[in-house]
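Structure record follows, encoded as structure tokens.
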Amino acid sequence: MENPNRRELPKAYDPTAIEDRWAEYWVRERLFHVETPEAGVIEKLRAAGHDVFTILLPPPNVTGRLHMGHMLNQTEMDILTRWRRMRGDLALWLPGTDHAGIATQMMVERQLASEGKKRQQMGRESFVERVWEWKRHYGGAILEQMKRLGASVDWSREYFTMDDNLSVAVREAFVRLYEQGLIYRGAYIVNWCPRCQTAISDLEVAHEEQQGKLWEIRYPVVGAPGEFLTVATTRPETMLGDVAVAVNPMDERYLPLHGKILKLPLVGREIPVITDDWVKSDFGTGAVKVTPAHDANDFAMGQRHGLPQINVMDETAHMNAEAGTYARLDRYAARKRVLEDLEAQGLLGAVRDHVNAIGKCDRCKTVVEPRLSTQWFIAVNKQPKDGGASMAELAIAAVKADGAGEKAIRFTPENYEKIYLEWMTNIYDWCISRQLWWGHRIPAWHCVACKQITVAREDPAKCAHCGSAEITQETDVLDTWFSSGLLPVSVFGWPRHTRNFDVFYPTQLLVTGFDILFFWVARMIMLGCWFSQDEPAADGSKRALKDTVPFREVYIHALVRDAERQKMSKTKGNVIDPIEIVERYGTDAVRFTLASMASPGTDIAFSEARTEGYRAFANKIWNAARFIFMNVEKAREAGITLERGTLGQMPAAGESDPIEARWIVAELNHAAQEVDEALATYRFDDAANAVYQFFWGDFCDWYLEIVKLRLDFSEAADRAATEQALATLLQTFEEALRLLSPFMPFLTEELWHAIYEDDVPAKSIALTRYPQPAEIDEAVRRDFARVQELIVAVRALRKDIGVEEKVAAPIRVRATWDGLPFTANLEVIQRLARVSTVETVTGALTGSGIRSTPNFDVQVVYERKVDAAAERERLTKDLAKQEKALAAAERQLNNPAFLAKAPEAIVEGLRKQEADTRVLMEKTRKALEELG
RNA sequence: GGGCGGUUAGCUCAGCUGGUUAGAGCGCCUGCCUUACAAGCAGGAGGUCGCAGGUUCGAGCCCUGCACUGCCCA
């Protein structure tokens, strides 16, 4: 009778045939949805030794397309989340996207440009509507890609940083900080992108070294014809805005000029010579022009000396009316003209090559212009009115070890802690206003009448100061990182104090790249600690610092580079598209590649050769399944009923079971333990290698080969033994699939359903329990290792003396230790080493074709002539190695200091090694002699 | 200029608080289509751990200097 549930797996593994189906199934069935637990549930969970595991997806930009960095990030988070979930934790992985102010606005502006339109023509409102439209249309692309990759997130909780509830949080945060006196507005030098026409933060500026020039310009001294003070500058065009020239007060060369007045060339303005410690005498001529409106250092100097600020450029970095005849010229055209004019007037001095670092806009690569403008800032170093710690101080305390050595937030790799602290210690106020249209509009209103500012939670109808109804809202929006910095609190409902907040805050872990360590990680810590300190803990008590943090651990992942270790970049054209690779090799293989290379702190050179290897691994698993299912079918045909009741439990094996059963159970436990240990410390590479080695090296190469011996379905066979073997095989395989499942979710899901012939005990393998390591039977591992050693020795010998593959040859074994595993497992040895008969001897072996180890001597008996030359070469090499090892051991053992100081176990081990080596050397010498 | 990494097999990388003969994958060589898998099986070759000192009974691992290289910040 044909079983209708019978699975007929295709011969080769084909990921495309299964992955889309499961990806869709996981989403449709809402498998990873987490209901907010009612009161008492968490306590029960904790009492049972489990915990809440909350992890926030670093929200990709709505403009984003999935790249390898995302895939690595998501693979790591998914492995951890699936692992924790299967271990019984309440695992919530929360997805969402970021509105990405500048990036998105640029994207839509570009689209408009292709239609010949500009946003200024459309007006703010319709432009913003247009961006929303764009977002609705394309904004979900990256999350769709994520779904395809099987990320086990709770899609029902998906957020967008401009959602209403998150916007409420942004507004509350702003108002509260304003009320606390920690947000201020003022005219300062900021980094200005002339293309984006907005201020950007220090972090959004990328510095690049560039070969430039240092020009010397002579400024005539008023009242001293023919006298000049020569300044050196890298930006001659800004001289039009000069208000002074500064020298170091200690610089003796310029002592006579102190207090003198200079005539600014080209402009004619009279400006003073001032002294300031900031000026370095050894740079250039030791005299610098002071342009407070166009340089951050000059701005500070101007403040110190009460100098005016003259802005000579507009928001597009073209010269303005203040620049006189240079007005409307682009900054570089102006530079050229200024230099020409100076030259013509004989005021241009030496011109030297000079390497300087210029800042470029992170987004559009335009050279940033330091610009004097009115912006909003967060005073991160300011003490609040009540005298508590500043934001930065809180953010430092959250990471630094306290008196007891405890850290509220732990970084992996650890060195990022230092980098973070270094930055946080030297942090400047954060410019949070952006002159964009797409983003959270700053909730501040300017009064036309009294010029004062009203900041409010609800849109005000009139000025809070004078009551005038003539108020207009601030046009600036907030830095994108302000809203994403609030995510750990806002996604759980803050500023409302919700059940979600009680249960899920602080989150457990943040997995992200170092590139947004300051942008995002640092801001989340600042804002998270700041606002949650006012939220009572779940039990109503005051929240301790360790419970104010947005996450307890931060795992900083590596950068994915190309196979040549080059950074991937569009301009280099070496970007590897993960979707394309996934289509070629399957998601599981790509995930496994990334995991196996994800060693903390080391960049990943992504190589397709590795991926090919892991696709082969997937195929291996697939075929192991085919083999097993084939035997299940054979059993069915032979009328053997399968005990399926144990399926889903960790297999156990006792004295009565054959060696391979006891051994594979031990190895399974061992692997499960290794994976647990590795994942607990973010050693994805070790974890992946452990399951790989277990499945391929142990399960397939040894266990399956031996189990073939037991799967005898003939009439004459021992039915009970066959049945038992098949049960252990199935049980172990099922367990192995679960072990593999966080790494290769698709393949394991498919095969797991197949094992149960679709009569599954759960909707998904992802909802079953992870293998719980039990005690490992070390004795059977040791015994089996010797059997393996013997089999390998025989195989090698057969090769050496040229025994044909098909021929089974007799062997003679002399065990030099209790050789029970040999005699008890003759059939195993016979099958795996292709041995006809095994003769156990007690005396020394003579003749050729002998191998020796400390545990046994073995000889393959075969009439074929040994290749004496090759054999001699091998033995000579062996002997040399042994001599070296012996010498090394003896050197130590003859050293009284070593014997006195080294631990007992080391000395004992070395003694045994020395003795073993001596015996082996003896045998090797004898073998060489016999060769003649 | 300040800071942080890296240098281990042909390639890409592991190597835990210093401890017995330094590992993996890929590649390479040899032999096998052994009815789960040639995306496979079996056997093998290949490393003075960047260089020079030092500490130690003992150094790939700790210290100092140097060389090369990458990144972050200013």
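Reminder, nothing fancy here: chain letters follow the sequence lines and each chain counts from 1. Here the structure is a predicted model, which means the values were calculated and not measured.
- Looking at heavy-atom distances under 4.0 Å, A:Thr681 makes no contact with the nucleic acid at all.
- The gap from the P atom of B:rU7 to that of B:rU17 amounts to 15 Å, rounded to the nearest Å.
- Of the candidates B:rA36, B:rG44, B:rU21, the closest approach to any side-chain atom of A:Phe627 belongs to B:rA36.
- Remark: the A:Gln882 side chain and the A:Thr917 side chain contain no N/O donor-acceptor pair separated by less than 3.5 Å.
- In the set B:rC37, B:rU34, B:rA42, the nucleotide with an atom closest to the side chain of A:Arg795 is B:rA42.
- Checking A:Asn855 against A:Glu789 by side-chain atom types alone, a donor-acceptor pair falls below 3.5 Å.
- Not a single donor-acceptor contact under 3.5 angstrom links the side-chain atoms of A:Lys806 to the base of B:rU34.
- Rounded to whole Å, the distance from CD on A:Glu417 to P on B:rG5 is 13 Å.
- Nucleic acid contact for A:Arg683: sugar-phosphate only, since backbone atoms but no base atoms lie under 4.0 Å from a heavy atom of the residue.
- For the pair A:Trp702 and B:rC41, the criterion of a side-chain N or O lying under 4.0 Å from OP1 or OP2 is not met.
- When heavy atoms are screened at a 4.0 angstrom cut-off, A:Asn689 is found touching no nucleic acid atom at all.
- Contact check for A:Thr512 versus A:Leu517: no side-chain heavy atoms found under the 4.5 Å cut-off.
- Both tests hold for A:Lys708 against A:Phe627: distance to the six-membered ring centre under 6.0 Å, angle to the ring axis within 45°.
- In the model, A:Glu583 has no side-chain atom that pairs as donor or acceptor with a side-chain atom of A:Thr16 under 3.5 Å.
- Note on ring orientation: taking the six-membered ring where Trp is involved, the planes of A:Tyr13 and A:Trp622 are tilted (angle from 30° to 60°).
- In terms of polar N and O atoms assigned as donor or acceptor, the side chain of A:Glu705 comes within less than 3.5 Å of the base of B:rA36 in a complementary pairing.
- Contact annotation for A:Arg911: no contact, since no heavy-atom pair falls under 4.0 Å across all strands.
- For A:Trp696, the listed nucleotide lying nearest its side chain is B:rC41; candidates were B:rU21, B:rC41, B:rU30.
- Taking the P atom of each, B:rC28 and B:rC11 are spaced 15 Å apart, rounded to whole Å.
- Nucleotides B:rU21 and B:rG60 place their C1' atoms 15 Å apart, quoted to the nearest Å.
- Nearest to the side chain of A:Phe898, among B:rC57, B:rA39, B:rG43, sits B:rC57.
- Ranked by how close their nearest RNA chain B nucleotide is to the 5' end, A:Tyr13 and A:Ala905 are led by A:Ala905.
- B:rU48 sits 12 Å from B:rU8 when the C1' atoms are compared, rounded to a whole Å.
- When the nearest nucleotides of RNA chain B are assigned to A:Ala624 and A:Ile791 by heavy-atom distance, the more 5′-ward of the two goes with A:Ala624.
- Within the 4.0 Å cut-off from OP1 or OP2 of B:rC26, not a single side-chain nitrogen or oxygen of A:Arg610 is found.
- Annotation: B:rG65 and B:rG23 have their C1' atoms spaced 31 Å apart (nearest Å).
- Within 4.0 Å (heavy atoms only), A:Pro896 reaches no atom of the nucleic acid at all.
- With a cut-off of 3.5 Å on both Watson-Crick or G-U wobble distances, the partner of B:rU35 is given as none.
- Not one side-chain nitrogen or oxygen of A:Lys901 sits closer than 4.0 Å to the OP1 or OP2 atom of B:rG19.
- Among the heavy atoms of the strands lying under 4.0 Å from A:Leu704 is at least one base atom, whether or not backbone atoms are also near.
- Among the nucleotides B:rC33, B:rG31, B:rC57, the one closest to the side chain of A:Ala902 is B:rC57.
- Among the heavy atoms of the strands lying under 4.0 Å from A:Lys418 are primed sugar atoms or P, OP1, OP2 only; no base atom is included.
- Note: OH (A:Tyr416) to C1' (B:rC4) measures 9 Å, nearest angstrom.
- Residue contacts for A:Val907: at a heavy-atom cut-off of 4.0 Å it reaches no nucleic acid atom on any strand shown.
- In this structure, of B:rG43, B:rU21, B:rC4, it is B:rU21 that holds the atom nearest to the side chain of A:Ala885.
- With hydrogens and angles left out, the side chain of A:Lys11 and the base of B:rA39 share no donor-acceptor pair within 3.5 Å.
- Taking atom C1' in both B:rG54 and B:rG46, one finds a spacing of 32 Å when rounded to whole Å.
- Rounded to a whole angstrom, the distance from the P atom of B:rA59 to that of B:rG53 is 14 Å.
- Under the Watson-Crick or G-U wobble criterion, with both distances below 3.5 Å, B:rU64 is paired with B:rA52.
- By the 4.5 Å heavy-atom criterion applied to side chains, A:Glu608 and A:Ile581 are counted as neighbours.
- OP1 and OP2 of B:rC26 both lie 4.0 Å or more from every side-chain N or O belonging to A:Arg615.
- Nucleotides B:rG58 and B:rG15, compared at atom P, are 26 Å apart to the nearest Å.
- A:Arg610 and A:Ser596 are linked by a side-chain donor-acceptor pair at a separation below 3.5 angstrom, with hydrogens and angles left out of the test.
- A straight line from CG of A:Asp800 to C1' of B:rG31 spans 12 Å, rounded to a whole angstrom.
- Distances shown here put a side-chain N or O of A:Lys708 below 4.0 Å from the OP1 or OP2 atom of B:rA36.
- When heavy atoms are screened at a 4.0 angstrom cut-off, A:Asp701 is found touching the sugar-phosphate backbone but no base atom.
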